[in-house]
> 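Quick one: this structure, given as structure tokens, is what I'll be asking you about.
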Amino acid sequence: MAKERATKKDLVDIIAEQNGITKVKAAEQLKNVVEGIKTVLSEHKDLSIRNFATFVVKFKEAHQRVSNLTGETVDVPAKYVVKTKVSKFLV
């Protein structure tokens, strides 16, 4: 049995209903929150939202990997990655 998946539209509907606002206003608020999170993470800062999640930005050095498909060595460039830990109160 496939698990049902909620979408951004579903989240906007919930925000609008719980706060008694229009769906357009709810979508704008959700967009603002997501943009705020993206801004903090793009500055390579960690973010903790109590009773929701913690986002940790880590720098991964450039390294080499062996491709599973071809067996060749592949260079992987250095990059920042975001690790997320969901609060135990969320689920």
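Side chains are part of it too, since the values below use all heavy atoms of this structure and drop only hydrogens, waters and symmetry mates.
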> Is there a chain of hydrophobic side chains (I, L, V, M, F, W, Y, each step under 4.5 Å between heavy atoms) that links Ile37 to Val81?
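No: no chain of side-chain contacts under 4.5 Å links Ile37 to Val81.
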> Looking at residues at least two apart in the chain, or sitting in another chain, which of them share a ring-ring contact (aromatic ring centres under 6.0 Å, His included) with Phe52?
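Scan of Phe52 (ring-ring contact (aromatic ring centres under 6.0 Å, His included), adjacent residues dropped) gives none.
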> Sub-3.5 Å donor-acceptor pair from the side chain of Thr70 to the main-chain atoms of Ser67, do we have one?
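Not confirmed, Thr70 side chain does not pair with Ser67 backbone.
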> Verify the cluster assignment for Val33 and Ile21: are they in a single hydrophobic cluster under the rule of side-chain heavy atoms below 4.5 Å apart?
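No, Val33 does not connect to Ile21 through the hydrophobic network.
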> For Ala26 versus Ala16, what's the shortest heavy-atom pair and its separation?
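That closest heavy-atom pairing would be CB-N, 3.7 Å.
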> Minimum heavy-atom separation for His63 to Glu61, with atom names?
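Where His63 meets Glu61 most closely, the heavy atoms are ND1-O, 3.0 Å.
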> CG of Leu47 to OG1 of Thr54: how many Å apart, nearest 0.5 Å?
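Between Leu47 CG and Thr54 OG1, I get 8.0 Å after rounding to 0.5 Å.
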> How many angstroms lie between OH in Tyr80 and CG in Leu41, if you round to the nearest 0.5 Å?
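One gets 12.5 Å once the value is rounded to the nearest 0.5 Å.
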> So, the side chain of Asp75 versus the backbone of Gln64: is there a donor-acceptor pair under 3.5 Å, distance only?
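Checking the backbone N and O of Gln64 against the side chain of Asp75, no donor-acceptor pair under 3.5 Å is found.
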> Any side-chain heavy atom of Lys8 sitting closer than 4.5 Å to one from Leu30?
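Yes - at least one pair of side-chain heavy atoms lies under 4.5 Å apart.
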> Please say yes or no: joined through hydrophobic side-chain contacts below 4.5 Å, possibly via intermediate residues, are Leu11 and Val86 part of one cluster?
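No.
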> Supply the atom-to-atom distance Asp46 CG to Lys58 NZ, rounded to the nearest 0.5 angstrom.
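One finds 9.0 Å between CG of Asp46 and NZ of Lys58.
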> What pairs with Lys31 under salt bridge (charged side-chain N to carboxylate O under 4.0 Å, His left out), at least two apart in sequence or on another chain?
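Testing Lys31 for salt bridge (charged side-chain N to carboxylate O under 4.0 Å, His left out), a comparison that skips the adjacent residues, returns none.
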> Are any non-hydrogen side-chain atoms of Gln29 and Ile15 less than 4.5 angstrom apart?
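Sidechains of Ile15 and Gln29: in contact.
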> Would Val40 end up clustered with Phe55 when hydrophobic side chains under 4.5 Å apart are linked, directly or stepwise?
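Yes, Val40 connects to Phe55 through the hydrophobic network.
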> Is there a path of hydrophobic side-chain contacts, each under 4.5 Å between heavy atoms, that joins Leu90 and Val34?
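Per the 4.5 Å side-chain linkage, Leu90 and Val34 are not co-clustered.
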> Please check this pair: side chain of Asp10 against backbone of Thr7, looking for a donor-acceptor N/O pair closer than 3.5 Å.
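Yes.
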> Which value, rounded to the nearest 0.5 Å, describes the distance between Lys23 atom NZ and Ile14 atom CD1?
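One gets 11.0 Å once the value is rounded to the nearest 0.5 Å.
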